[in-house]
Visitor: 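The structure's right below; bear with me while I get my questions together.
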Amino acid sequence: MTEAYQDHIGLLTDFGLKGQHYVASMKGVILQLNPNATIVDISHNVSSYSILEAAYLMNSTYKYFPECTVFVIVVDPGVGSSREIIALKTIKNYYFVGPNNGLFPHIISKDKISDCVKVENDNYFNKPVSRTFHGRDIMGPVGAHITLGVPLTNFGNSFDINNLVSLPIDLRINEEKKKILCTVQYIDNFGNVTTNVRLIGNSVEGYDLELPLDCMLKFKINNRQISAKFVTHFSGVQRNKYLFLRGSSNFLELSKNQANAAKDLDLKVGDTIEINLA
Amino acid sequence: MTEAYQDHIGLLTDFGLKGQHYVASMKGVILQLNPNATIVDISHNVSSYSILEAAYLMNSTYKYFPECTVFVIVVDPGVGSSREIIALKTIKNYYFVGPNNGLFPHIISKDKISDCVKVENDNYFNKPVSRTFHGRDIMGPVGAHITLGVPLTNFGNSFDINNLVSLPIDLRINEEKKKILCTVQYIDNFGNVTTNVRLIGNSVEGYDLELPLDCMLKFKINNRQISAKFVTHFSGVQRNKYLFLRGSSNFLELSKNQANAAKDLDLKVGDTIEINLA
Amino acid sequence: MTEAYQDHIGLLTDFGLKGQHYVASMKGVILQLNPNATIVDISHNVSSYSILEAAYLMNSTYKYFPECTVFVIVVDPGVGSSREIIALKTIKNYYFVGPNNGLFPHIISKDKISDCVKVENDNYFNKPVSRTFHGRDIMGPVGAHITLGVPLTNFGNSFDINNLVSLPIDLRINEEKKKILCTVQYIDNFGNVTTNVRLIGNSVEGYDLELPLDCMLKFKINNRQISAKFVTHFSGVQRNKYLFLRGSSNFLELSKNQANAAKDLDLKVGDTIEINLA
C-alpha cells in the first residue's frame, strides 16, 4: 500500500492553559521526526476528559483541512490502561490517531473509514514510553510518521471498526408530536449552545420536520421555558434576545444576540434541551 | 496591478479559548488554498465583540511583521448582516481584511492606505458560505488568496475610505489647564493599563505637554485619586507601587510594579481616566 | 567558531491570554529576520513573574525538540533594570536566551553548558529598544539571529556561568528517617501536582530510597494528611482516589484519578509537601 502524504498535522487535546507545555513536547517530538511538519492547534481547551466535546470539535473542523492532514487527539483519561490506541484513514484521505474511548464514532461514520489499525509497533514510539503521556510518546510520533508516508499497516494489525467504542448521545425526535429531545454538544466563548440536532437547510436531517424561517419555538431547559426565533444570523434579532439558527457546523444552535445564552440559561455540555415544534 | 507577496498571515479574533476550533477551521481553509502559508496568531483573546481592543492590538503589532503580511481580523458581531467586508493595503505593503465596523480607523490612518476594496467576489469564498462564520468562509480565504498574489481589485470594487466606519474614543487634552481626559484601550495579563494618550519621548503627541522623568502625577479613576511616578521601566519604583511609563507601543500606561493595577483600581477597557499634569 | 543551525525557535513567557499580542510582536520580529523560522509556543501561561514555573517547563520540554532549537524565555519582572540578558549553548546543541534572574540553573546544570555570553551588541536588537519589552526588542531578535547561524560570541563577551543567578528550591531528603520535604514545582490543568523529587525508575535520584510499586505513602500538606498509592498510571486507582506516580518528566507527581488534587488540597506552586516513606 502506498499513500499520498503531506506535512499537515492537527493536534486536539484537553491539556488546557497550564498544559500548553505538554503540547509543546508533542510538537518537539513531531518536529524531530519531520522538521517540515506544519502543526496546527485544533483546540487544547476541551474540558478535562470530555470525549463528547473533543469529538464534536474534531467532527466540525477536519473537513476544512487539506486532504492527507493527520489529526492526533489526546483526550485520554485511560492513558496507560488497556484501552487501545487507534490509527485510521478515511476514504477522503484524512487520518486520525487517538485512544479507543468513544471518540471515533462521533467524528466519522463507519462507512467513511477505509483503513483502521491498532497501534502497537513500538519502533515508531518515542522512548522511553511513559505510562502517563502517550500523546508525546506514542500518538504524536505515530502522527508524524504518517506525514512521512509510513503506511498504517506498519503500526499494527488491522482493527475491526465494529469494535470502536461508542458513547451514545441522547437525541430523540418525535415526528408526530413534533418534539425533539436533544443534548448540548458544545458551548463556545460567546455562549452559543450547539445541540446535536443536525439541520439540512431548514429541515431536521433524516426527518420530515421543517423549521420555517422566522418561526418562534419553545425550548424547555432546566425546568425553564424560553421562546427563540429561527433566524439566519445573530443580528437577525435585537440585542440580548434569544434566537436559534443553523450554526456554522450545521447543528441547531441556541444563542442570544451579543449576549451569553449558555450563562443566562445555566447550560453546560451534556445537558438536555426539549424543543417543541408544534 | 502586480503585487509583491509573501506567505505570512496573521489572525486576530475574539473567539477565545472555547473558540480555538473556529480559528483552526480558518487555518484549515487557508492551508487548503496556500499550503505554504505561515499563520501567526495575533490574539484570539479579544473580549467578545470589543472592536476597541481588537483595533488597539492590531495597531500595536502589525508593524513588527514582514512587509506584505496579511492580517485577517474577525471581531464581527454583525456577521451575516449588511455590514461590508473590506480588504485594504497600506503604502508600506501591509494588508488588512475585516468587517467595516469601526476597526480600521484605529488601526491605520487614511493617509497610509493605498488601496481599499469591498469584498464581494464569491469566486474567492469557501462554499457554502455560512451566515454566521465569515472568518472561515470569506475573510480567511480572501486573506489566503492575497498571500498567493491575487490583487485586491479581484475581490470587488474600490471602496471609498471616507466610508470606513469610525468609532471615536474619548480623548480630551487641555494644554492650558494641563489636564488629560483619556480612555483605557487595553488591559494586559499583568494588569498594565494602556490609555489612548500617545507619547513621543516624554511629550504628549501633538501637544506642548512634557512629562519630566520621575515626576509624580495625579490620576482620577472611578472617583478615586492616586499618585504615580513617571519612570522608564517597571522596577523604577518599589514593588507594589503605582507608576506610569511610555509603554512598548508608545501609549501612556499606568501600572504597579509586580502587582495588578487594573484589578486594584477596578478598571476595564473603555473606562475614563483623568490625569492632572499641573 | 562555526555552528550548526536550524530554523526552530521556542518561546516561553508569562504574557498570558491578554498578552498573546506581545507574543505575536515577538514572532513578527523573528519572521522579519528569518522568514523561514518555525516558531513553537512552549507556554505563555506561566503564572506572572514565576521564574520557578518557567524553569520547570523549560527543563521538562527542551529535550524533546530537535538539536539546535533556540529557546527564548521572557519571564522578566526586572526588564529594563540592570539584570543581564544571557545567551547560552549546551553541549547537546540547544540554545537558551533569557534574563539572568534565576531561570538558568533549574533548566540546565553547569556541566552541560558549553558556551555562555552576556548579550550586549545592539547591532542585533530591534530598534528603538523599549525599556519594558526586551522580549520583542532584544531576546526575540537575538534568538532569530542564532537560527541564522550567528555565533554567540557576536552578541557579547563570555559570561562566567558561576555568575548565573540561582534561586534555590527547598528539597530535604532524610534517608535514615525516610522523610522527604519537597516543593511544588508545577500544577497542570488536571490538578496534577509536580514536586521537585526526581525519580529514576522507582528510586529517589541520588538516594538509597526505593518506592515499591503499589505502596501507600503519607503526604503531609497544609496541616492535613492524606494517603496515596504509588502506581504507574492514573487509572491505577479508582476514580477520585489519591495516587502518586513518576510523572512524564520523571518527577514525583501527586494526583487524583479524573479529579483535581491541587484544588482539593488547596496546593499552589512553591508550597511544601512532607512525604513519609517509613
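Letters go in sequence order (proteins before strands), and every chain restarts at 1.
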Visitor: Distance from C/F65 atom CZ to C/T38 atom OG1, nearest 0.5 Å?
Guide: 11.0 Å

Visitor: Under the criterion side chain to side chain contact (heavy atoms under 4.5 Å, CB included), which of B/T61, B/D14, B/L11, B/L12 is the partner of B/S43?
Guide: B/L12

Visitor: Closer than 4.0 angstrom, basic N to acidic O: yes or no for B/K27 and B/D41?
Guide: yes

Visitor: For the interface with chain C, which of B/S249, B/S235, B/S248 has the highest count of heavy-atom pairs at distances below 4.5 Å?
Guide: B/S248

Visitor: Could you check which of B/Y186, B/Y62, B/F234 has the highest count of heavy-atom pairs closer than 4.5 Å to chain C?
Guide: B/Y186

Visitor: Can you tell me which portion of B/S47 sits under 4.5 Å from chain C's heavy atoms? Options are side chain, backbone, both or neither.
Guide: both

Visitor: Hey, is C/R131 close enough to C/D137 for a salt bridge, meaning N to O under 4.0 Å?
Guide: no

Visitor: Quick one: are B/F244 and B/L211 in side-chain contact, heavy atoms under 4.5 Å?
Guide: yes

Visitor: Any idea which of C/G78, C/S81, C/P77 has the most non-hydrogen atom pairs under 4.5 angstrom with chain B?
Guide: C/S81

Visitor: Please flag which part of C/N126 lies under 4.5 Å from any non-hydrogen atom of chain B: side chain, backbone, both or neither.
Guide: side chain

Visitor: Can you tell me which portion of C/P35 sits under 4.5 Å from chain B's heavy atoms? Options are side chain, backbone, both or neither.
Guide: both

Visitor: Using a cut-off of under 4.5 Å on heavy-atom pairs, state which of C/V29, C/L33, C/I39 scores highest against chain B.
Guide: C/V29

Visitor: In plain terms, say whether C/R83 and C/D76 are close enough for a salt bridge, that is, a side-chain N and a carboxylate O under 4.0 Å apart.
Guide: yes

Visitor: Examine whether an atom of B/E53 lies under 4.5 Å from a heavy atom of chain C, and if so say whether it belongs to the side chain, the backbone or both; otherwise answer neither.
Guide: side chain

